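Reading through the structure tokens given below for one structure.
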2 protein chains.
Amino acid sequence: MTLTQSSDAEALAGAMLPRTGERQRGIDRAIGVLELLLQRRQPLSAGEIARALKAPRSTIYEIVNRLIEAGMLEPAGAEGQVFFGRTMHLFGSAYLNSDSGLRRFGEALDSLSAATGATVQCCTRRNNKYVVLDCRDGTGAFRITSEVGAEVPLPWTASGRALLGHLSDEAILTLIPPADFRLPNGGLLSPNQFLSDVAQARQNGFFEATGLASSYTWCQAVPVFGRNGIAAFTLCFVLPIDSAVEQRERCLALLIEKARQLSHATAG
Amino acid sequence: MTLTQSSDAEALAGAMLPRTGERQRGIDRAIGVLELLLQRRQPLSAGEIARALKAPRSTIYEIVNRLIEAGMLEPAGAEGQVFFGRTMHLFGSAYLNSDSGLRRFGEALDSLSAATGATVQCCTRRNNKYVVLDCRDGTGAFRITSEVGAEVPLPWTASGRALLGHLSDEAILTLIPPADFRLPNGGLLSPNQFLSDVAQARQNGFFEATGLASSYTWCQAVPVFGRNGIAAFTLCFVLPIDSAVEQRERCLALLIEKARQLSHATAG
DNA sequence: GCATCTTGTCCGGAATATCGGACTGTCGTA
DNA sequence: TACGACAGTCCGATATTCCGGACAAGATGC
């Protein structure tokens, strides 16, 4: 994993792909295509994909056409561009409905959303980033929404603190790219501050933050522990910054309660 | 597409896979594995998958492990069994959030569900079966739920009538396997009755049915037409059989209105 | 008009992924 | 105990997939 020049191909290689530069198997190319589309979150043409992946054009055309045939990709957007297809949704739904996985979280989100009307999410760590796995959008005037599957730097989120409690300071700094400490508002977060946040989250069993990803939100995150005692997921509320203190406290209490119920009951 | 002996491998071959019996590419094997899991809707072991697909065991182990590594499959169930993984859900969510595809349908379902409290679905034809693409479960005492992605014989459903209006009688009888005329209650539906149902749905612009898939439900289906004038989707209500007539009529009117709004505005 | 960059397709060659089969252990069961 | 079925791993050979490169046709820019 070199740190010379950054590129999509290398970023994905670090995340998923085994070897790079060499001749690759079709299945590896296919996974690369899908991961790229997930990261970019918009239709891409075969040529763009090949360039981003540093893969042969002819190969990508072949793979993309096969995936379209299977319904996992679909023509989308202007000309020759593709994005995820209908079959992918069916696969994803089958996962959600399966016993293990997110089923219990979906019910928890429903209940939390119904009880508060606020935006509530289930999040996890993936490729050393933070991702929203599932969410229920709030009903208020300021409708705070979040995108499932988009990877966000861990230091930008309250959940980022709650997800790293089992790691040493050194391990944490190793897995977070330095660039991720640059917040979206341009400010730089000190790594030491972040480490102290993580320690605080570990001690309290939750973390509250504001002004991180957005200055209009107040975020609460509570870890959900797997059987191995590691925080595999978080449950979080995303509240408007001007929420009443009582409302905040009520939400946090509900969150802690639900997270406790889910802990250990889920795969780690 | 032979009609000699039925097997999973052949059923899937007819649906998705190009050639069978020969050496196959990894990507084709992978797609076969995913389609099989979607069809079975439960965790399977590598051995079971290999047997069902008539594929070499060593190859399936290899493919399954690669898919697990990518998060598209996950260990699930007792021992060595696998099912869809977290990454699949992220891919599927990206599809749902994309402009084309089901986004507009999701909003329509929300609105219909909110207005009536009934179970409402968006359905389509896939592999010459009926599948639910997305749904909102009703709120009533008799909570009627439906499983997204499960393939059901077209003659079992009201939507099955509404989806075939653009086809000739002959074409319809060709694409429906004879076994699909056997209803879940054991009764046999006459093909001619089905053809006349389809004609009726074409004329009325909707179809209502009861006692088909279940004797406790009253189903309403309205086609949604793509740019090519073909019914690409249906919107349907699944009501308890004892719903008041006024409620039924109100639901049907809402359904027709929404389907009209969605027609042509969506990819065919 | 010419140069440059695309997209999409096609083709032959060679690196290698798929396959069949062997092997070990484990579990029931007769 | 012997037997059969199954999970999981490993390995060598060869049929084939992936790759690089060429090509036509269209866009774009100067």
Side-chain angles (χ1 to χ4, degrees), chain A residues 7-10 12-13 16-37 40 42-70 72-83, chain B residues 7-9 12-13 16-37 40 42-70 72-83 85:
Chain A
S7 78
D8 284 304
E10 285 172 18
L12 289 174
M16 283 287 142
L17 299 178
R19 47 188 172 262
T20 167
E22 293 294 305
R23 185 188 205 255
Q24 279 191 8
R25 301 192 296 174
I27 189 175
D28 291 333
R29 293 297 188 194
I31 291 169
V33 169
L34 298 174
E35 285 289 338
L36 179 70
L37 286 173
R40 297 288 191 89
Q42 59 177 332
L44 296 175
S45 72
E48 290 173 297
I49 293 172
R51 220 172 306 127
L53 258 34
K54 291 184 179 161
R57 255 164 15 97
S58 54
T59 302
I60 296 301
Y61 271 97
E62 167 70 25
I63 295 292
V64 164
N65 285 332
R66 183 70 186 91
L67 291 177
I68 288 176
E69 199 185 336
M72 296 173 68
L73 296 183
E74 273 179 13
E79 177 136 1
Q81 299 187 296
V82 298
F83 202 60
Chain B
S7 78
D8 284 305
L12 289 174
M16 286 285 142
L17 298 179
R19 47 189 172 261
T20 168
E22 294 294 304
R23 185 188 206 257
Q24 279 190 9
R25 301 193 297 173
I27 189 173
D28 291 333
R29 293 296 188 195
I31 291 169
V33 169
L34 298 175
E35 285 290 337
L36 179 69
L37 287 173
R40 297 289 190 87
Q42 59 176 334
L44 296 175
S45 72
E48 289 172 297
I49 295 172
R51 219 172 308 128
L53 258 34
K54 293 183 180 164
R57 247 155 32 88
S58 53
T59 302
I60 297 301
Y61 272 98
E62 169 69 26
I63 295 291
V64 164
N65 284 332
R66 183 69 187 92
L67 291 176
I68 289 176
E69 198 185 337
M72 296 172 68
L73 297 182
E74 274 180 12
E79 177 137 2
Q81 299 187 297
V82 298
F83 201 60

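Chain A is the first sequence line, chain B the second, and so forth, proteins listed ahead of strands; every chain is numbered from 1. This structure is a prediction, so every number in the text was calculated from the model and none was measured.
Inter-residue side-chain proximity for A/Gln81 and A/Gln42 is flagged as unmet; no heavy-atom pair is nearer than 4.5 Å. Inter-residue side-chain proximity for A/Leu34 and A/Leu67 is flagged as met; some heavy-atom pair is nearer than 4.5 Å. The closest side-chain heavy-atom distance from B/Val33 to B/Leu73 is below 4.5 Å. Between A/Thr59 and A/Gln24, every side-chain heavy-atom pair lies at or beyond the 4.5 Å cut-off. Within the 4.5 Å cutoff, side-chain heavy atoms of B/Arg29 are placed close to those of B/Pro56.
In this model, the phosphate group of D/dT17 is not approached by any side-chain N or O of A/Thr59 to a distance below 4.0 Å at OP1 or OP2. Residue B/Ser45 has no polar side-chain atom (N or O) positioned under 4.0 Å from OP1 or OP2 of D/dC6. Taking side-chain N and O atoms only, B/Arg25 has a distance below 4.0 Å to OP1 or OP2 of D/dC18.
Shown here for B/Gly77 and B/Pro43, the closest heavy-atom pair between the two residues is N-CG, 4.5 Å. In plain terms, the two heavy atoms of A/Arg40 and A/Ala52 that are nearest each other are NH2-CB, 3.7 Å.
With axes fitted over five pairs at each extremity, the angle between the ends of the helix from C/dG1-D/dC30 to C/dA30-D/dT1 is 30° (10° resolution).
Here D/dT17 presents its P atom at 17 Å from CD1 of A/Ile60, a figure rounded to the nearest Å. Between B/Glu48 atom CD and D/dC6 atom P the separation is 10 Å, expressed in whole Å. Residue B/Ile27 contributes atom CD1, which lies 18 Å from atom P of D/dT16 at whole-angstrom precision. Distance CD (A/Glu62) to C1' (D/dT17): 9 Å, rounded to an integer number of Å. When the P atom of C/dG20 is taken as reference, atom OH of B/Tyr61 falls 16 Å away, rounded to whole Å. One interatomic measurement links the two molecules: CD of B/Gln24 to P of C/dG20, which rounds to 11 Å at whole-angstrom precision. Atom CZ of B/Arg29 is separated from atom C1' of C/dT18 by 9 Å (rounded to the nearest Å). Spacing between atom CG of B/Leu44 and atom C1' of D/dC6 amounts to 15 Å, rounded to whole angstrom units.
You won't find any donor-acceptor pair under 3.5 Å spanning the side chain of B/Arg23 and the base of D/dT16, going by distance alone. Checked by distance alone, B/Arg57 brings a side-chain donor or acceptor within 3.5 Å of a matching partner on the base of D/dG8. You won't find any donor-acceptor pair under 3.5 Å spanning the side chain of B/Ser58 and the base of D/dG8, going by distance alone.
Comparing atom distances between the A/Arg51 side chain and each of D/dG8, C/dT7, C/dC19 picks out C/dT7 as nearest.
Ranked by how close their nearest DNA chain D nucleotide is to the 5' end, A/Ile63 and B/Asn65 are led by B/Asn65.
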